[in-house]
Amino acid sequence: MTKQTFSIARTYHERTKYDPDTINQRVPNIDWDRPPVPFKDYPIGTTIDLKPHIGDRQTVLSRLSHLLYCTYGVTARIPQIARQDLFLRAAPSAGGLYPAEVYLLSQLDGELPQGLYNYQVRDHSLVRFWDSDPTAALKSACFSHPALENAPFVIVTTAVFFRSSWRYQDRAYRRIHLDTGHLLGNLELAAALTDYRPYLIGGFRDQALNDLLYLNGEEEGAIAVVALQERHQVTGDRSFATALASETDHDYPELPDGSLLGYLHQASAIDSAPSQSESAQEPATDEGDNCEDKYNFPFCTKVSTVSDPLDWGEGGTGLEATLLQRRSTRAYQGGAEIELEQVKALLNFAYQPQPVSQLSTNNAEESSPDRWELPNFCDRDLIQTFVATTAVNGLDDGCYYYAPQAQELRQIRFKNFRRELHFLCLGQDLGRDAAMVVFHTADLDGAIARWGDRAYRYLHLDAGHLGQRLNLAATHLRLGVSGIAGFFDDRVNDVLGIPPDEAVLYITTLGQPRSSRRP
C-alpha cells in the first residue's frame with residue numbers, strides 16, 4: 001500500500017472521466033454475443049404471484065403488488081433478433097442493462113409471512129427464499145436505525161456489478177448508482193400511492209447486509225435500504241438520519257483498469273458502528289428549507305421559478321399512469337421550444353415539497369402531519385443544479401444556476417450553447433436538439449470530507465433520484481426527456497461557466513420529442 005494524494009473516491013472519479021483526447025483509446029472490447037442476463041433466478045423457494053393482486057390497493061398484497069410494479073416492473077417487451085428480448089422497466093437504466101435487484105424483507109407475520117423475498121421482475125412475483133424472521137439481523141446491519149422499528153416491510157436494492165460493467169467497465173459504478181437513484185425516485189412515489197411512508201437508509205454494515213441476503217459480495221452488493229412504515233401511523237418528528245460516513249482510503253495500491261469499481265465499492269463499505277461524532281452528522285431532511293443556496297452570483301439575471309404543484313388527479317391516478325408510461329426519448333425536434341411555465345413545473349416537482357394527500361387512497365391522509373414532504377435523499381444539499389437553455393419560450397438562452405431555496409434561476413452565461421452541448425454529450429444529438437439540459441454537480445472533495453469515500457455512492461444516488469423526478473414531471477407534461485451519464489467531464493465546467501470545484505454527476509435533456517411515439 002502507498003499513501004496517495006487523493007482518496008480512492010476522488011481517484012476513481014478522475015480515472016473514469018471521459019476526455020476528447022483519449023476517449024478513442026478507451027473503446028471497450030465488448031462481447032456483444034454474450035450480454036449479461038438482467039434477471040436473477042431462485043430455483044428453490046415459495047413463489048407468490050402478484051399479478052392477481054394488482055387491484056384496489058386495499059390488501060397488503062395488493063398494495064405491495066402496486067408498489068413493486070410501479071417501482072421496477074416490466075412495462076414493455078421489445079423482441080430482439082438472435083438475442084434475448086429486451087424487457088423495459090418502470091425505472092430507466094443505462095444501456096437497458098438493469099443492474100439493480102429488489103429484495104423485500106417482511107418483519108411481521110400476516111398476509112405476507114416473515115422472511116426474505118426477491119422481486120421476480122419478469123413475471124411480477126415474489127419468491128420467498130428464506131423463511132426466518134430477518135428483524136434482528138437487519139437491525140444489526142443497519143445499526144438499529146429507528147425507521148426499522150415500526151416498519152412491516154423493508155426494501156433492499158442491490159447491484160449485480162457485471163450487468164453494467166460488461167459495457168461500461170469501471171465507469172459503471174457511476175451508472176449503477178444513478179440507476180438505483182431512478183429506482184428510489186419511483187419507490188418513494190409508489191409508496192405514497194400505496195399509503196406507505198418510505199425512509200431511506202444509506203448507511204449500513206455492508207457485509208452484514210450481504211450475508212443476510214446470501215449475496216456474493218464480489219458479484220452483487222447492497223446499495224440502499226428503504227423502510228416502509230404505515231403512513232397513517234406516522235406521528236411526530238420522523239426526520240431520521242439517512243447517511244453515515246465510511247472511512248476515507250488514502251492507502252491503496254496501484255490499481256489497473258478494470259479493478260477500480262470493485263475496489264471503490266469495498267473501500268466505501270462501512271464495517272463497524274459509527275462514532276458519536278459520525279452518527280451526529282445528518283444531511284438535510286424534509287425540513288431542509290433553512291439551508292441557503294450555495295451560489296448567489298452578483299449582478300446576474302434572476303428568474304422566479306415559483307409554481308403550483310403538478311395535479312396528479314384523485315388518488316394519484318395520473319402519477320401511476322406516468323410511472324408506467326415513462327420512456328426515454330430517442331430524438332428531439334431541434335429548435336422546438338418548451339414553455340417557461342413547464343420549466344418551473346419541472347423544477348418544482350424535483351426540488352420542492354409536494355402534497356402527498358392527493359396521492360393517497362386513505363382519506364385520513366388529509367389530516368396527516370406530513371402531507372407536504374420532500375423526497376428522502378441521502379444528502380440533497382450536496383447536489384447543485386445548472387440549466388443550459390437553448391429553446392425555452394420566456395427565458396433567454398444561456399446557462400443558469402438553479403437556487404432551490406430561493407426558487408429562482410440565476411443566469412451565469414449569456415449564449416446559445418447548442419453546438420457546445422452536442423460536443424459535451426459525446427456528440428449525441430440529444431444534447432444538441434434538446435430545449436434545455438440540466439446538469440447535476442457536487443463539490444466532490446467537500447462531500448468526501450463529510451461522508452468519506454461513501455460520498456460517491458450518495459452523490460450519484462441523489463443525482464439519479466432528482467433525474468427521475470425530472471423524468472416523471474416531463475412525461476406528465478408531455479415533454480421528451482432522457483438522461484445522459486456519458487459526457488466530457490472537465491469540459492462541461494469550462495464551456496458553461498460552472499465553478500471548477502463542481503464535479504458533474506449526471507445530465508438530463510428535455511425538449512419536444514420528435515415523434516409522439518416513444519420506444
Side-chain angles (χ1 to χ4, degrees), residues 6-17 94 99-100 157 159 164 168 170-185 200-204 206 221 223-224 241-249 260-261 264-265 267-270 281-285 288 291 294-295 350-351 374-386 402 404 438-470 483-487 489-490 492-493 498-508:
F6 295 135
S7 78
I8 183 59
R10 165 58 80 174
T11 294
Y12 168 88
H13 185 73
E14 295 299 321
R15 286 185 55 183
T16 57
K17 286 180 176 179
T157 73
S164 190
Y168 298 114
D170 283 322
R171 192 170 169 119
Y173 202 62
R174 304 188 188 201
R175 300 172 190 266
I176 283 168
H177 286 83
L178 291 171
D179 282 358
T180 304
H182 300 151
L183 189 158
L184 294 175
L200 176 62
I201 302 172
F204 48 82
D206 293 67
I223 303 296
T242 298
L244 292 175
S246 71
E247 297 293 328
T248 304
D249 184 5
L260 290 168
L261 185 158
L264 175 58
H265 187 70
S268 59
I270 296 174
Q281 296 184 77
E282 293 189 14
T285 64
C291 301
K294 184 173 182 179
Y295 296 110
Y351 284 91
L374 282 167
N376 199 186
F377 294 100
C378 296
D379 192 347
R380 193 195 66 165
D381 287 343
L382 292 173
I383 305 291
Q384 306 303 320
T385 302
F386 296 85
Y402 174 60
V438 177
F439 296 83
H440 286 118
T441 72
D443 176 356
L444 181 55
D445 291 331
I448 293 171
R450 179 180 294 187
W451 299 118
D453 287 317
R454 203 176 184 89
Y456 209 79
R457 303 190 193 188
Y458 297 152
L459 292 175
H460 287 81
L461 286 173
D462 285 351
H465 193 160
L466 286 167
Q468 182 63 357
R469 291 183 73 86
L470 290 173
I484 293 179
F487 43 82
D489 297 67
D490 292 335
V492 172
N493 303 65
I498 295 173
D501 58 350
E502 295 289 338
V504 183
L505 306 171
Y506 196 28
I507 294 175
T508 302

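Both backbone and side-chain heavy atoms feed into the values below; hydrogens, waters and symmetry mates do not. Along the sequence shown, residues carry numbers from 1.
Counting only distance, with no hydrogens or angles, the side chain of D249 and the backbone of A267 share no donor-acceptor pair below 3.5 Å. In this structure, D453 contributes its side chain and A9 its backbone to a donor-acceptor pair below 3.5 Å. In this structure, the side chain of R380 does not engage the main chain of L466 through any donor-acceptor pair within 3.5 Å. Listed for the R454 side chain is a donor-acceptor partner under 3.5 Å among the backbone atoms of S268. Proximity of a side-chain donor or acceptor of S7 to a complementary backbone N or O of T248 within less than 3.5 Å is not detected. Checked by atom type and distance alone, the side chain of R457 never pairs as donor or acceptor with a backbone atom of A224 at under 3.5 Å. At least one donor-acceptor pair closer than 3.5 Å links the side chain of E502 to the backbone N or O of A442. Under the 3.5 Å distance criterion, the side-chain polar atoms of Y458 are matched with a main-chain donor or acceptor of L244.
Side-chain contact between H440 and L470 is present, with heavy atoms from C-beta onward closer than 4.5 Å. Residues D170 and L264 are not in side-chain contact: their nearest non-hydrogen atoms beyond the backbone lie 4.5 Å or more apart. A 4.5 Å side-chain heavy-atom check between L459 and I383 finds at least one atom pair inside the cut-off. In this structure the side chain of N493 reaches within 4.5 angstrom of the side chain of V504, judged on heavy atoms. Side-chain atoms of D179 and H182, non-hydrogen and from C-beta on, do get closer than 4.5 Å to each other. Looking at I498 and Q384, their side chains never come closer than 4.5 Å, going by heavy atoms from C-beta outward.
The nearest pair of heavy atoms linking R174 to H13 is NH2-O, 3.1 Å. Scanning both residues, D462 and C378, for their nearest heavy atoms gives OD1-N, 2.8 Å. Listed here is the closest heavy atom pair of R171 and T16: NH1-O, 2.7 Å. L200 and F377 make their closest contact through CD2-C, 3.9 Å (heavy atoms, listed as atom of the first residue, atom of the second, distance). Minimum interatomic distance between T508 and G467 (heavy atoms only, all atoms of both residues): OG1-CA, 4.0 Å. Nearest heavy atom pair, residue R175 against residue S164, reads CB-OG, 4.2 Å.
In this structure, L382 CG and T441 OG1 are separated by 10.5 Å, a value rounded to the nearest 0.5 Å. Atom CG of D206 and atom CD1 of I223 lie 8.0 Å apart (nearest 0.5 Å). Interatomic distance, OG1 of T180 versus NE2 of H460, reported as 11.5 Å (0.5 Å rounding). If you take CD1 on I270 and CH2 on W451, they are separated by 9.5 Å, rounding to the nearest 0.5 Å. One distance of note links CG of L505 with CG of L461; it measures 11.0 Å at 0.5 Å rounding. Taking OG1 from T157 and CD1 from I176, the interatomic distance works out to 11.0 Å, rounded to the nearest 0.5 Å.
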Walk me through whether D501 and D445 qualify under side-chain contact (heavy atoms from CB on, under 4.5 Å).
CA-CA 8 Å; D501 58 350; D445 291 331; over 6 Å; no

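A salt bridge between R450 and D379 is present, with a side-chain N of the basic residue lying under 4.0 Å from a carboxylate O of the acidic one.
The aromatic ring centres of Y506 and H177 sit 6.0 Å or more apart.
Ring geometry for Y456 versus Y12: interplanar angle over 60°, hence perpendicular rather than tilted (30 to 60°).
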